[in-house]
Amino acid sequence: MRKLTALSFLLFLAAACQDPLRDSVPRFLREQDRFSRDAREGDKPGETGDPEEPGYIPSVYATAFHFRDSVTNLLFFRDGECLLQLLVNSPPDSERHRIWDGHLWTDSTDGHVTIISCDGQEKFRYEGEEHLQGFLLVNGNVHTLGQRPGRDGFCYRINGETVFDSPRGSVLGSPSDPDWPGGALSLDGENVYYAYSLPIALKDHVFREYHVMRGAQHYKTIPAGSSDALYDLRVHEGQVIRLERRDNALYWVSGEEERALDVSLSEFVSGKLVKFSTSVTARVLTRTWGTTCRHWYYIPQAGMFQSVVIGQSERGVLSLRDWNWAFADIGPDGRFLKLVYNYPPAPPVPEGDFTLATPAGLFVSNRHFALALTGSSGNAHVVVSDVGQYSYTFNGYFTSVRME
């Protein structure tokens with residue numbers, strides 16, 4: 001792949017322990033509003049609290065599964081303390097819970113009813129089984145995008161009430177995507193967007209037709225056969241942005257603008273759209289030699305790629321937020337190798353064998369980062385951040401980390 005020279009304004013890219021977890025519930029669980037800090041002025045609708053004022057020290061939240069006897073508990077931590085333990089259905093699913101404004105939101109189903117809860121307290125329920133691909137809080141309202149099992153389609157809801165229903169559509173996007181807190185749902189201005197696909201048979205082949213939605217309203221259709229593969233789609237400032245492959249080339253499409261990207265598809269591993277400052281960019285992973293992979297960002301304003309970091313395998317996790325980024329290098333066997341942080345020096349990681357159980361175990365904001373590492377053997381785990389380090393002891397693994 002041809003390396004492109006970076007513009008000067010993009011050069012930034014080059015560069016307390018706690019006691020073992022007790023099974024008893026601590027007294028502070030009974031305190032009112034114990035989960036989050038005071039409400040902050042200026043938070044944007046639908047965004048989790050992310051104060052970035054210089055000098056502000058956020059809390060470090062984490063979630064984990066704890067396997068005890070024959071049951072599984074979902075643990076919710078803040079700054080090294082366990083705030084909450086919830087019994088979860090088996091098998092446990094890391095995509096069925098999320099941290100939002102210092103609270104733990106969960107969804108569960110028995111196959112007949114889906115229940116949405118906050119900090120263990122039910123908020124609402126509705127008939128049918130759904131797996132939430134998208135979750136947003138906008139002005140106090142809970143927006144969900146639930147995929148039904150099999151070929152039964154999906155439903156977009158607000159506070160459990162149906163807004164749009166599709167009997168056979170497949171949602172585009174993942175609830176475990178750390179770059180989009182809302183998963184398959186995203187907020188552009190005051191509008192909530194999402195996309196789904198339908199199978200269309202053309203010339204003895206089945207293609208996907210993509211529909212972009214703004215709430216309950218149809219926004220745009222990407223006709224079947226428009227691309228050989230669509231890797232990602234988001235809406236930014238009203239423009240539908242896509243990353244797709246066609247005619248043996250990778251394309252960036254924004255509205256009516258199309259650009260063929262300088263990427264060798266023989267080296268291409270994956271690509272997706274991510275937020276960058278006030279715009280959206282594409283992150284591309286290419287294989288260099290053996291299992292080694294290089295992470296790139298496409299900068300549409302400059303029409304160029306910028307290499308960020310090289311990892312030992314495609315399992316490495318890179319997270320970027322505006323001018324800040326962090327990279328967890330993971331070996332082919334899943335073992336954590338090292339942490340690379342944009343603002344050196346990176347805090348030291350304790351000695352021992354660790355793994356990053358899910359991509360949501362790495363969090364980056366404008367000024368801060370946190371990394372939740374699960375011990376490869378035994379019950380010793382650690383969360384490393386730029387504001388402190390916390391050690392934990394439990395039988396299980398971390399599922400996510402966040403700073404607010």
Side-chain angles (χ1 to χ4, degrees), residues 46-48 63 88-89 91-100 104-111 113-118 123-138 141-188 191-199 208-220 222 230-236 240-243 270 272-275 280 358-360 399-400 402:
E47 293 188 355
T48 57
T63 58
V88 299
N89 296 330
D93 187 347
S94 63
E95 293 185 340
R96 286 196 175 273
H97 58 267
R98 59 214 49 86
I99 303 167
W100 201 285
L104 177 64
W105 286 84
T106 58
D107 61 277
S108 61
T109 180
D110 61 2
V113 175
T114 299
I115 302 172
I116 310 298
S117 301
C118 179
K123 288 296 184 180
F124 54 83
R125 64 173 60 198
Y126 48 84
E127 296 294 324
E129 178 183 358
E130 292 182 3
H131 188 283
L132 300 191
Q133 302 298 106
F135 178 95
L136 277 176
L137 283 182
V138 183
N141 294 311
V142 182
H143 296 244
T144 61
L145 190 63
Q147 186 79 54
R148 302 188 185 98
R151 301 176 181 272
D152 292 335
F154 69 92
C155 188
Y156 169 52
R157 302 173 185 269
I158 299 180
N159 300 327
E161 300 297 325
T162 300
V163 176
F164 178 81
D165 184 279
S166 172
R168 62 188 187 100
S170 297
V171 171
L172 182 65
S174 168
S176 58
D177 189 342
D179 294 298
W180 299 92
L185 289 174
S186 57
L187 193 66
D188 184 44
N191 298 307
V192 175
Y193 289 90
Y194 55 97
Y196 68 95
S197 67
L198 294 172
R208 307 300 296 188
E209 178 180 83
Y210 293 91
H211 296 262
V212 184
M213 301 292 296
R214 181 173 61 193
Q217 305 299 317
H218 176 266
Y219 191 69
K220 185 173 182 177
I222 312 300
L230 191 147
Y231 298 109
D232 206 355
L233 182 155
R234 294 285 173 173
V235 177
H236 178 67
V240 177
I241 302 175
R242 314 192 312 265
L243 186 66
S270 63
K272 59 169 298 185
L273 299 175
V274 297
K275 284 187 174 181
V280 172
T358 72
T399 55
S400 71
R402 185 168 182 85

So OG1 of Thr106 and CZ of Arg96: to nearest 0.5 Å the spacing works out to 10.0 Å
Heavy-atom donor-acceptor pair, Gln147 side chain to Val171 backbone, under 3.5 Å:
yes
**Prompt:** Just checking, any donor-acceptor pair under 3.5 angstrom between side chains of Thr358 and Thr399?
**Reply:** no
Closest non-hydrogen contact found for Gly215 with Phe164 is O-CB, 4.5 Å
d(Ile115 CD1, Tyr126 OH) to nearest 0.5 Å is 10.5 Å
Check your understanding: For Ser197 and Ser170, does a side-chain donor sit closer than 3.5 Å to a side-chain acceptor?
Key -> no
ask   = Is any side-chain heavy atom of Thr114 less than 4.5 Å from a side-chain heavy atom of Thr144?
value = no
Rounded to the nearest 0.5 angstrom, the OH-NE2 distance for Tyr193 and His236 is 11.5 Å
Contacts of Glu130 meeting salt bridge (charged side-chain N to carboxylate O under 4.0 Å, His left out) (sequence neighbours excluded), chain-then-number -> Arg157
Taking 4.0 angstrom as the limit, do Asp107 and Lys123 come out as a salt bridge?
-> no
Residues at least two apart in sequence or cross-chain that pass side-chain hydrogen bond (donor to acceptor under 3.5 Å, both in side chains) with Ser108, listed by chain then number, are none
Review point. Hey, are the side chains of Leu233 and Ile222 touching, using non-hydrogen atoms and a 4.5 Å cut-off?
Key: yes
CD (Glu95) and NE2 (His131) are apart, to the nearest 0.5 Å, by 4.5 Å
| query | Does a side-chain heavy-atom distance below 4.5 Å link Arg98 with Pro181? | reply | no
Taken to the nearest 0.5 Å, the spacing of Leu104 CG from Ser117 OG works out to 9.5 Å
Min side-chain heavy-atom separation Val142-Leu137 under 4.5 Å: yes
Heavy-atom nearest pair, Ser400 first then Ile99, reads OG-CD1, 3.7 Å
- Message: In terms of relative ring orientation, are Tyr194 and Tyr156 parallel, tilted or perpendicular, with 30° and 60° separating the classes?
- Response: tilted
Smallest heavy-atom separation, Leu198 atom then Gly169 atom, equals CD2-CA, 3.7 Å
Does Asn191 reach the side chain of Val235, with side-chain heavy atoms less than 4.5 Å apart?
no
Taking the side chain as every heavy atom from C-beta outward, state whether Arg168 and Asp152 have any pair of such atoms under 4.5 Å apart. no
| query | Is there a donor-acceptor pair under 3.5 Å between the side chain of Asp232 and the backbone N or O of Leu273? | reply | yes
Of all heavy-atom pairs linking Leu185 and His143, the shortest is CD1-O, 3.6 Å
Minimal heavy-atom distance between Arg148 and Cys155, with the atoms involved, is NH2-CB, 3.6 Å
Next on the checklist: Any non-hydrogen side-chain atom of Met213 less than 4.5 Å from a side-chain atom of Tyr219?
Outcome noted: no
Stepwise side chain to side chain contact (heavy atoms under 4.5 Å, CB included) check, Ile158 with Val192:
CA-CA 11 Å; Ile158 299 180; Val192 175; over 6 Å; no
Tested for salt bridge (charged side-chain N to carboxylate O under 4.0 Å, His left out) against Asp179, the lone hit among Lys275, Lys272, Arg234 is Lys272
Where does the angle between the aromatic ring planes of Tyr196 and Phe154 fall among parallel (under 30°), tilted (30 to 60°) and perpendicular (over 60°)?
tilted
